[in-house]
Amino acid sequence: MSESVSVNMERIYLGGKEHHIRTCCGSVCVIVYGDQDKPALITYPDLALNHVSCFQGLFFCPEAASLLLHNFCIYHISPPGHELGAAAICPDDSVPSLEDLADQIIEILNYFGLGAVMCMGVTAGAYILSLFAIKYRERVLGLILVSPLCKAPSWTEWIFNKVMSNLLYFYGVCGLVKECLLQRYFSKEVRGNAEVPESEIVQACRKLLDERKGMNVLRFLHAINQRHDITEGLKRLKCRTLIFVGDSSPFHLEALHMTSKLDRRYSALVEVQACGSMVTEEQPHAMVIPIDYFLMGYGLYRPCYLSDRPMSPLTPSCISPELLSPESMGLKLKPIKTRLSLQV
């Protein structure tokens, strides 16, 4: 039953073309959606997720969809063995590091004949795309990062990941592993408790996790737990970078640290209140206006449709172009709060 739901969601959500590309560190699945003559936006999800479970909330948001799909052809990259319907990876295959996965992206771009691309990643995916941007600066137009990682794991995270690795090895994606993953993705407001049921987005994510193969997730988690600190490399980045993080994310401090190391002329931070790591699913509407501003710096605009509705003061045509220069980005895109704290 869960497989049927996943397939239907894929058709509704994208209807894109699936490509399986052989690279030096294994086969990778890429879903392409849109006009390939347009500029490319590549996405990379977090642990145990793929383009459906990590980005469908953002692309179901009409304002975000009109902005992104109007301007870009979308290339959704799945971590090895994380695509819809993926079989278990052979145990004899070597486990690629996050650096290997970053190098794999250049092979994907070359396969499609792409030059410089826009990148959007969530947590582990944000780390991989940041590393890719450091190594291949000429191939990256800009970075949109959600709850990104940039440092080596803390002892707390390392131990937590080790415990989850053992559970995955012996029990697969069991109930306890799912709870650990859901805590990684979502705030407690939407995860629910004994008195408040969990939200529909958490329920949907829980169902999509059912189809993940435990050993595939274990391999990616193993790579994540051996990542290196890339802080020094961030100082060399000159592409524009927009960072989102929920203030309830386990990686909130990491995102603040990363922001402090980036060139303030080219970077901006958006903090989303009462939200976990996966802003793309939990509060995708909070991403629309900042991405709108961000892309206008590249001369990209949301399509205008004739409407009888009054124009919002945040409509792109009402925004002065000088606010969007690279030099002013760090000043104009200040941290914002998108929802008031819930008071009991």
* To do: Determine yes or no for a side-chain-to-main-chain donor-acceptor pair under 3.5 angstrom, with Thr123 supplying the side chain and Ser147 the backbone.
  => yes
* Does Leu49 reach the side chain of Cys205, with side-chain heavy atoms less than 4.5 Å apart? -> yes
* For Glu107 and Cys24, work out which heavy atoms get closest and say how close. => OE2-SG, 2.9 Å
* His19 atom NE2, neighbour heavy-atom count above 12 within 6.0 Å -> yes
* Honestly curious: do Leu300 and Ile74 fall in one hydrophobic cluster under the side-chain, below-4.5 Å linking rule? -> yes
* To do: Locate the shortest heavy-atom distance separating Ser53 from Asn50; write the atom from each residue and the value.
  => OG-N, 3.0 Å
* Asked: Just wondering, do Cys150 and His257 contact through their side chains at under 4.5 Å, heavy atoms?
  -> yes
* Report yes if the side chains of Phe244 and Ile144 come closer than 4.5 Å at any heavy-atom pair, otherwise no. => yes
* **Reported CZ-to-CG distance for the pair Phe72 and Asp35, which is rounded to 0.5 angstrom** => 13.0 Å
* To do: Look only at the side chain of Lys38 and the backbone of Leu69, and say whether a donor-acceptor pair between them is shorter than 3.5 Å.
  => yes
* Indicate, with yes or no, if Leu209 and Ile89 share a hydrophobic cluster defined by side-chain heavy-atom contacts under 4.5 Å among Ile, Leu, Val, Met, Phe, Trp and Tyr. => no
* Among Arg206, Arg184, Arg191, whose salt bridge (Lys or Arg N to Asp or Glu O under 4.0 Å) with Glu179 holds? -> Arg206
* **Ile224 versus Pro153, closest heavy-atom pair with distance** => O-CG, 3.9 Å
* Structure fact -> So CG of Asp103 and CD1 of Ile128: to nearest 0.5 Å the spacing works out to 11.0 Å
* Val196, Leu182: one ILVMFWY side-chain cluster at the under-4.5 Å cut-off? -> no
* pair Leu101-Phe220: side-chain heavy atoms closer than 4.5 Å -> yes
* In sequence, state the C-alpha distance, the side-chain angles, and the governing distance for Leu68 and Leu295, and then conclude on side chain to side chain contact (heavy atoms under 4.5 Å, CB included). => CA-CA 9 Å; Leu68 297 174; Leu295 295 183; 4.1 Å; yes
* Leu47, Val95: one ILVMFWY side-chain cluster at the under-4.5 Å cut-off? -> no
* Structure fact -> Distance col, row Cys29:SG vs Leu84:CG, nearest 0.5 angstrom, shows 8.0 Å
* Exceeds 12 heavy-atom contacts within 6.0 angstrom, atom NZ of Lys238 -> yes
* For His252 and Glu254, run side chain to side chain donor-acceptor pair (under 3.5 Å): C-alpha distance rounded to whole Å, both residues' side-chain angles, the deciding distance at 0.1 Å, then the answer. => CA-CA 5 Å; His252 181 231; Glu254 181 121 3; over 6 Å; no
* Mind telling me whether Tyr136 and Phe132 have parallel, tilted or perpendicular rings, with 30° and 60° as the class edges? => tilted
* Mind checking whether Ile108 and Tyr111 have side chains closer than 4.5 Å, heavy atoms only? -> no
* Could you tell me whether a side-chain N or O of Asn161 sits under 3.5 Å from a main-chain N or O of Leu221, the two making a donor and an acceptor? => no
* **Closest approach of Val173 to Lys178 (non-hydrogen atoms, all atoms of both residues)** => O-CE, 3.7 Å
* Structure fact -> All heavy atoms of Gln183 vs all of Pro250, minimum pair found to be O-CG, 3.9 Å
* **ring-ring contact (aromatic ring centres under 6.0 Å, His included) between His82 and Tyr44, intermediate numbers included** => CA-CA 11 Å; His82 282 52; Tyr44 214 111; 9.1 Å; no
* No-hydrogen, no-angle side-chain donor-acceptor test under 3.5 Å, Thr241 and Ser267 -> no
* **Backbone of Lys151 reached by a side-chain donor or acceptor of Asp229 within 3.5 Å** => no
* **For the student: nearest non-hydrogen atoms of Val288 and Cys61, plus distance** => CG2-SG, 3.9 Å
* For the pair Arg139 and Asn110, evaluate side chain to side chain contact (heavy atoms under 4.5 Å, CB included) and give the outcome as yes or no after the intermediate values. => CA-CA 11 Å; Arg139 303 298 289 272; Asn110 292 340; 3.1 Å; yes
* Asked: So among Glu198, Glu282, Glu200, Glu281, which one has a side chain to side chain contact (heavy atoms under 4.5 Å, CB included) with Val190?
  -> Glu282
* Using a 4.5 Å cut-off on heavy atoms from C-beta on, say whether the side chain of Ile291 contacts that of Ile289. => no
* Asked: Should Val28 and Ile105 count as side-chain neighbours, where that means a heavy-atom distance under 4.5 Å?
  -> no
* Asked: Going through the checks in order, is the side chain to side chain contact (heavy atoms under 4.5 Å, CB included) test met by Phe294 and Met118?
  -> CA-CA 11 Å; Phe294 183 72; Met118 188 69 67; 3.9 Å; yes
* Flag yes if more than 12 heavy atoms outside Tyr298 fall under 6.0 Å of its OH atom; otherwise flag no. => yes
* Please walk me through it: do Cys239 and Tyr266 pass side chain to side chain contact (heavy atoms under 4.5 Å, CB included)? -> CA-CA 7 Å; Cys239 67; Tyr266 302 106; over 6 Å; no
* Joint cluster assignment, Leu129 & Ile21, ILVMFWY side-chain distance < 4.5 Å -> yes
* Are Pro96 and Arg219 side-chain neighbours, meaning at least one heavy-atom pair lies under 4.5 Å? -> yes
* Test item: Asp247 side-chain N/O and Ala274 main-chain N/O as donor-acceptor pair under 3.5 Å -> yes
* Would you sort out whether Ser187 and Ser248 count as a side chain to side chain donor-acceptor pair (under 3.5 Å), showing the intermediate values? => CA-CA 6 Å; Ser187 67; Ser248 297; 5.2 Å; no
* Run through Lys135, His228, Gln104 and flag the one making a side chain to side chain donor-acceptor pair (under 3.5 Å) with Glu99. => Lys135
